[in-house]
Amino acid sequence: MKKILIVAATAGLMSLAACNGGTTNTTAENVAESHEANAAIYDDAAANETNAVAAEVLENAADVEENKADAVEANAH
């Protein structure tokens with residue numbers, strides 16, 4: 001009876017060990033992609049803006065979002 005329990009326990013632990021490394025954390029990647037998407041939206045809006053001051057504000061907002069994406073990527077590892 002002890003041999004059966006030991007074999008069953010060993011098989012259970014081995015199956016858990018095999019499954020353990022399959023997940024990855026993509027949170028930082030998703031956050032960076034979100035900031036990059038925001039930057040693209042601001043760039044598009046700036047390109048369509050006829051008021052030079054408003055266009056500059058939108059371009060600055062795009063730069064801020066790109067900087068945030070870079071910071072997230074740099075700190076992800």
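Just the heavy atoms: all of them, side chains too, but no hydrogens, waters or symmetry mates, feed the values below.
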**Complete:** Taken to the nearest 0.5 Å, the spacing of Thr26 OG1 from Glu33 CD works out to 8.5 Å

**Message:** Test of understanding: with salt bridge (Lys or Arg N to Asp or Glu O under 4.0 Å), list the residues that count as partners of Glu65, not counting sequence neighbours.
**Reply:** Lys68

**Message:** For the CD atom of Glu66 and the CD atom of Glu36, what is their distance to the nearest 0.5 Å?
**Reply:** 8.0 Å

**Request:** Using the test side-chain contact (heavy atoms from CB on, under 4.5 Å), find all partners of Ala54 that sit at least two apart in sequence or belong to another chain.
**Result:** Glu49, Asn51

**Candidate pair Val31 and Glu73, rule side-chain contact (heavy atoms from CB on, under 4.5 Å), full reasoning** = CA-CA 9 Å; Val31 170; Glu73 290 172 352; over 6 Å; no

**Prompt:** Which residues satisfy the side-chain contact (heavy atoms from CB on, under 4.5 Å) test with Val57, sequence neighbours excluded?
**Reply:** none

**Item:** Nearest heavy atoms of Ala32 and Ala69, plus distance in Å
**Value:** O-CB, 3.6 Å

**Asked** Any side-chain heavy atom of Val53 sitting closer than 4.5 Å to one from Glu56?
**Response** no

**Complete:** Interatomic distance, CG@Leu58 vs CD1@Ile41, rounded to 0.5 Å, equals 11.5 Å

**Request:** Find the distance between CG (Asp43) and CG (Asn48) and round it off to the nearest 0.5 Å.
**Result:** 11.0 Å

**Complete:** All heavy atoms of Ala46 vs all of Ala55, minimum pair found to be CB-O, 3.6 Å

